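Before any comments, here is the structure.
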Number of protein chains: 2
Amino acid sequence: MSVTRRLPRYYRCLGDLADKGVERISSREFAKIIGFTASQIRQDLNCFGGFGQQGYGYNVAVLQREIGRILAVDRNFPAILIGAGNLGLALLNHLRFEQRGFELLGIFDNNPEIVGKTVRDWSILDIDRLEDFCSTNHPIAAILCVPDSAAQEIADRLVALGVKAFWNFTHLNLSLIYDKEDIAVENVHLGDSLMTLTYLVSELTEK
Amino acid sequence: MSVTRRLPRYYRCLGDLADKGVERISSREFAKIIGFTASQIRQDLNCFGGFGQQGYGYNVAVLQREIGRILAVDRNFPAILIGAGNLGLALLNHLRFEQRGFELLGIFDNNPEIVGKTVRDWSILDIDRLEDFCSTNHPIAAILCVPDSAAQEIADRLVALGVKAFWNFTHLNLSLIYDKEDIAVENVHLGDSLMTLTYLVSELTEK
DNA sequence: TAGATTGTTAATCGATTAACAATC
DNA sequence: TAGATTGTTAATCGATTAACAATC
C-alpha cells in the first residue's frame, strides 16, 4: 500500500484524537491506535516534511492540519454527481464533500420522475443539460453512480467536457481506459469488496 | 496488494469476457484487458492450481468457475443487514448478495418509521429483535450501515451473538478492535476513498 | 514437428521494519 | 543534563517482474 492511501486514515484518526482532547502523540502511541508500526508512521510523515519534534512527538492539531493540506481537503474543487439513485443519495447524505475538498455543483439523472426534485440544497437536473451546465460551471470531478450500461457513454461525455477526475462506483474499469490521459480515477468496486469478505468468511469456516 | 484482492477482479473480468463470447484467453491478452502483467496473472493463478494449458491459454468459463469456487461465491453464508438508510438500501438494490456467496436473512433498523416496511423481499425488523432473531437464524456475517455513534455497540452485540464477519461501512476501525478474535472484517471507508481522489485532483491541478 | 503459452524458478524492485544518531 | 522520541539510514521482507524450461 502506498503512503497516499494511508494519509486519509491518519487524517481521520487525528480527528478522533482531537475530538477526545488529545494534544500530542508519539509515533508509538499513534501506532497502537491506528494499527501501523511506529516506524512506518515516522517514515510516512517524513515523506512530506518534519512535523514532529524529538523528545515530544507530534502535535495532533498541527499534524492533522498539515495532512489535510497535503490531501487538499481545504480546497473547493468543483464536482458533480451523476445518478441520483439510492447510491448517489447515500453518498450525498453520508459524506460532507465540502470537508473533503470538493464543492458539489449539481446532481444529474435521466429519470424524469426525479428530475426537478430537490435533495438537500441541490435540485436534480436532467442529464441532457450536462453539456450546457458543464460549459458554464466547469466541474473538474464527477461522481459516477450510474448503471454500468450507461457508464462508458457518460464518462466519455464528461471527459470531452473537461472533467479530469472520477469517483467511480460503476463496474467499468475507468483507470485503464483513460490510462494515458491526465485523468484521475478512484474506483470503488463494492462487489469486489463484498467478494473479498466472502473469501474471508470461507476461510473462517474451513478452519 | 495481495492475490486475494485481485481475485474478485479476475472473476469480474472473466464474466465480462464470457458475456462477450470469448472462450479462451492467454495471460498476455488477459493482462491487456485487466491491467496487470501477464507474469502476475500466471503467478496468481498458480497459487491455487494449474488452470491453464501450455500452448493454449486459459478457458474463460473454467477459470471463472474455479475462481468463483476459491472466492466461495457459490456458497450461501447467512448474513444480515443493519441500518436501512440510503446506504443500506443502495447496497440492497445494487448488489446481488446471492451471487456473491451470501444469503440475506434480514434487515434491521431502529427507526420506528421504517420498521415493518418491506424492501424487495425483506421486511425491516426492529433492532430490538436482533438477539431473538440471531439466536434462531445464526447469521455469520453482518453488513454494518449504521451511524458511527451506534457502530461499536451494535458490533459488540453482534459478536456476542456469534457473528464472525463484518462488511463495515462505519468509520470505526473494527479490524483493529477484533484483531485477536477470529473475526473477518472488510472495511469500506468511503470518506478515505474520496480523500484519495482529492489528493489526486490536487496533484493534477498543480502540474 | 513447430509454435504458443503455461508453470515455475530466479532476479528485481519497492515497501516495511529495525536501528540508532541527532536533538528537543 | 537525562530521557524521550524523532528523522533517517540500513536491513529485511514480500511482492512483482523477467526468464525460460516444460509441455500442450
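A note on names: the letters A, B, ... follow the listed sequences, proteins ahead of strands, and every chain is numbered from 1. If you're wondering where the values come from, they're calculated on a predicted model, not measured in any experiment.
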Practice problem: Identify, between A:D44 and A:Q53, the residue whose nearest nucleotide on DNA chain C lies closer to the 5' end. | Solution: A:D44
Quiz item: On DNA chain C, nearest-nucleotide positions of A:Y56 versus A:V3: which is more 5'?
Solution: A:V3
Quiz prompt | Side-chain donor/acceptor contact of B:Q43 with base of C:dT8 under 3.5 Å | solution = no
Between [atom2] of [N] and [atom1] of [X], the distance in whole Å:
{"X": "B:F36", "N": "D:dA18", "atom1": "CZ", "atom2": "C1'", "result": "19 Å"}
{"X": "B:E29", "N": "C:dA4", "atom1": "CD", "atom2": "P", "result": "13 Å"}
{"X": "A:Q54", "N": "C:dC24", "atom1": "CD", "atom2": "P", "result": "6 Å"}
{"X": "B:N46", "N": "C:dT5", "atom1": "CG", "atom2": "P", "result": "17 Å"}
{"X": "A:R24", "N": "D:dT6", "atom1": "CZ", "atom2": "C1'", "result": "12 Å"}
{"X": "B:R42", "N": "C:dT9", "atom1": "CZ", "atom2": "P", "result": "14 Å"}
{"X": "A:L45", "N": "C:dT16", "atom1": "CG", "atom2": "P", "result": "14 Å"}
{"X": "B:I25", "N": "C:dA4", "atom1": "CD1", "atom2": "C1'", "result": "15 Å"}

Quiz prompt | For the student: nearest non-hydrogen atoms of B:D109 and B:I124, plus distance | solution = CB-CG2, 3.8 Å
Quiz prompt | Counter-base of D:dT8, judged by Watson-Crick or G-U geometry with both distances under 3.5 Å | solution = C:dA19
Self-check item: Under 3.5 Å on both distances, the Watson-Crick or G-U partner of D:dG3
Solution: C:dC24
OP1 or OP2 of [N] under 4.0 Å from side-chain N/O of [X]:
{"X": "A:Q40", "N": "C:dT16", "result": "yes"}
{"X": "A:S39", "N": "C:dA18", "result": "no"}
{"X": "B:R6", "N": "D:dT16", "result": "yes"}
{"X": "A:T37", "N": "C:dT17", "result": "yes"}

Quiz prompt | B:Y56 six-ring centre to B:R24 NZ/CZ under 6.0 Å and within 45° of normal | solution = yes
Once you apply a heavy-atom cut-off of 4.0 Å, does [X] come out as touching a base, just sugar-phosphate, or nothing?
{"X": "A:S2", "value": "nothing"}
{"X": "A:Y58", "value": "sugar-phosphate"}
{"X": "A:F30", "value": "nothing"}

Quiz item: Can we say B:D192 and A:R12 salt-bridge, meaning some charged N sits less than 4.0 Å from an Asp/Glu carboxylate O?
Solution: yes
Practice problem: Using the six-membered ring wherever Trp is involved, compare the ring planes of B:F48 and A:Y199 and label them parallel, tilted or perpendicular (cut-offs 30° and 60°). | Solution: perpendicular
Practice problem: Give the ring-plane orientation class for B:Y10 versus B:F30, where under 30° counts as parallel, over 60° as perpendicular and anything between as tilted. | Solution: tilted
